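Side-chain atoms are counted along with the backbone in the values below, which use heavy atoms only and exclude waters and symmetry mates. Just so it is clear, the model here is predicted, and its values are computed rather than measured.
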Amino acid sequence: MKTAVRAAMISFRADPFLHPAAACLHYDSDALIIMEDGKISALGPAASLLPALPADVPLQHFPHGVLLPGFIDCHVHYAQTEMMAAFGAQLIDWLNDYTFVTEQGFAEGEHAREVARLFLQEQLRNGVTTACVFGTVHPHSVDVLFEEAARYGLRLIAGKVCMDRHAPAALLDTAQAAYDDSLALIRRWHGRGRAEYALTPRFAPSCSPAQLDALAVLAREYPDVLIQSHVAENLDELAWVQQLFPHCRDYADVYDRHGLLRPRAVFGHGIHLSDAEIAAFADSGAALAHCPTSNQFLGSGSLDLRRLKQGARQVALGLGTDVGAGTSFSMLQTMQAAYVAAQSHGNALTAVQAWYLATRGGAAALGIADKVGSLAPGMEADLLVLDWYSTPLITFRMRYARDVQDALFIQMMLGDDRAIAATYVAGQLVYQRAAAGGS
């Protein structure tokens, strides 16, 4: 089915960490995007395309909106939705007191399905059209998530958590079970529709060397399958990794020695990586997911983006909400927190850089920038409509926006889920805010 949507339009042509902002951002004040068979078939100035648009093509017009690529959430735990805003402590205590207790409830399949449905609805309500998602140790936690995502035609990357130590017995598998369960899920889901599988060792302390090796075998057997895990989030975690892997030079070396540091591998956090570890990430092609609301919530620290995005050896980087340590499904609020994190290191993250990380940059980090993250003919038709005037304060502040870059900065600093007027997945409208004003 052919559909069309009209509004202003913004997309990103290049990496603003490498090129001037003006060369990276494309803006059209009145654009038309035509979508067919799940992809963008044409886009450009509305005045040029409207005369040739057949009268029977459904057209949605958002006169106060702007079309953007759908957000890419590079790191999120759907099973932790029910424990968002659980009172603090730091990472390890928080895992033991809340996460492992919550995830045991996913032994029951219908509970997993209920949470999966709510999780996906929240993602769409916040304009997220692609996410890289952690399930639980239970294989059916991934089955139900993929099943529910297929109802919307979503591009979703997900995997069963693997851990064979340092967790409650009810959440432990073995090296062999991690291999067998992950292989079965790959065969069942990877490449089915828009589903992609992700090998998912929770993090090095929860995985024995034998389990990491077993997953590395799968990574070699299925090189197009993504890998997701965590790295260098918390200082106590770093000390623990040194004790558990004394033969390894550092945290990144644990994954490298076990064959898991490679392109299409994305690791959450990376706050406390050394210069040598950053070089290892850059050289290997592995990516990081910056999760600033989670880092602030757990007191883990803040990522210094300058260390990742300078010189010729840059690390691929996207943004992650990291629900449930993350405090919001909103990528706007995640960008706001990323700006604050950068400022704590004396670096002002620009609006173009932040929006790039939330869209095309995130797609590049996940190895899918040829499919999503940009608006162009042939790309998958995943996009959001941002309401320039979603709240009275933003409406007032936008009167004084100097240019498009200033407007984007206002949105990321003051906006939230109310700013998402509509979300399109594979060319179909899957969410529209009640007061969005489309016609």
Side-chain angles (χ1 to χ4, degrees), residues 70-86 95 98-163 167-173 177-178 180-200 202 225-226 228 320-326 328-330 382 417 420 423-426 428-432:
F71 287 135
I72 314 290
D73 188 342
C74 291
H75 185 95
V76 60
H77 300 254
Y78 97 88
Q80 296 177 20
T81 301
E82 66 184 83
M83 51 172 282
M84 290 179 71
L95 286 171
Y98 297 108
T99 304
F100 293 155
V101 174
T102 297
E103 292 189 4
Q104 288 180 64
F106 283 71
E108 205 279 300
E110 282 310 305
H111 176 67
R113 189 176 300 277
E114 177 190 16
V115 178
R117 286 174 176 166
L118 177 65
F119 168 81
L120 293 173
Q121 290 165 5
E122 284 298 305
Q123 293 254 298
L124 295 174
R125 200 169 63 82
N126 284 278
V128 176
T129 56
T130 297
C132 194
V133 188
F134 286 66
T136 67
V137 73
H138 314 97
H140 63 251
S141 72
V142 179
D143 287 324
V144 299
L145 183 64
F146 277 134
E147 287 166 6
E148 295 300 320
R151 294 174 56 224
Y152 299 101
L154 275 166
R155 175 166 290 285
L156 189 80
I157 305 167
K160 171 201 120 70
V161 164
C162 301
M163 51 182 180
L171 292 179
L172 295 179
D173 56 9
D180 293 341
D181 289 345
S182 299
L183 176 60
L185 288 162
I186 290 169
R187 289 174 172 172
R188 188 152 62 243
W189 288 108
H190 188 64
R192 178 177 164 183
R194 301 181 77 198
E196 291 193 65
Y197 194 74
L199 296 170
T200 309
R202 178 169 228 121
V225 166
L226 191 128
Q228 61 177 352
T321 61
D322 198 27
V323 167
S328 176
F329 280 97
S330 172
D382 292 347
D417 58 287
I420 307 303
T423 304
Y424 286 79
V425 169
Q428 301 301 310
L429 180 66
V430 295
Y431 167 76
Q432 184 171 350

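- In this structure, the side chains of M83 and T99 come closer than 4.5 Å at one or more pairs of heavy atoms.
- A pairwise comparison of heavy atoms in P139 and K160 identifies CG-CD, 4.1 Å as the closest pair.
- Nearest heavy-atom pair, M84 versus S328, reported as atom, atom and distance to 0.1 Å: CE-N, 3.8 Å.
- The minimum heavy-atom distance linking H140 with A107 is given by the pair CE1-O, 3.3 Å.
- Between Y152 atom OH and L124 atom CG the span is 6.0 Å, to the nearest 0.5 Å.
- Each of V161, L145, D322 was checked for a side chain to side chain contact (heavy atoms under 4.5 Å, CB included) with F134, and the lone residue meeting it is V161.
- Using a 4.5 Å heavy-atom threshold, the side chains of V323 and F329 count as touching.
- The closest side-chain heavy-atom distance from D143 to L185 is below 4.5 Å.
- For S141 (side chain) and F106 (main-chain N/O), no donor-acceptor pair under 3.5 Å exists by modelled atom type.
- Note that the CG atom of L156 and the OG1 atom of T130 stand 8.0 Å from one another [nearest 0.5 Å].
- Rounded to the nearest 0.5 angstrom, R117 CZ and E122 CD are separated by 15.5 Å.
- Taking both residues in full, the closest heavy atoms of T321 and D73 are given as OG1-OD2, 2.6 Å, listed atom of the first, atom of the second, then distance.
- Aromatic ring orientation, Y78 versus F119: tilted (interplanar angle from 30° to 60°).
- A heavy-atom distance below 4.5 Å is not found between the side chains of E103 and V137.
- Of the listed residues (D181, L171, D173), just one forms a side chain to side chain contact (heavy atoms under 4.5 Å, CB included) with H138, and that residue is L171.
- Considering every non-hydrogen atom in both V115 and E82, the closest pair reads CG2-OE1, 3.9 Å.
- Rounded to the nearest 0.5 angstrom, I157 CD1 and R194 CZ are separated by 10.5 Å.
- Counting heavy atoms from C-beta outward, L199 and I186 have side chains that approach closer than 4.5 Å.
- In terms of heavy atoms, Q228 sits closest to C132 at OE1-SG, 3.1 Å.
- Note: F146 and Y197 have tilted aromatic rings, judged against thresholds of 30 and 60 degrees for the angle between ring planes.
- For the atom pair L95 CG and Q80 CD, the distance stands at 7.5 Å (nearest 0.5 Å).
- Rounding to the nearest 0.5 Å gives a distance of 8.0 Å between OG1 of T136 and CE of M163.
- Relative orientation of the H75 and H77 rings is perpendicular, given thresholds of 30° and 60° on the angle between their planes.
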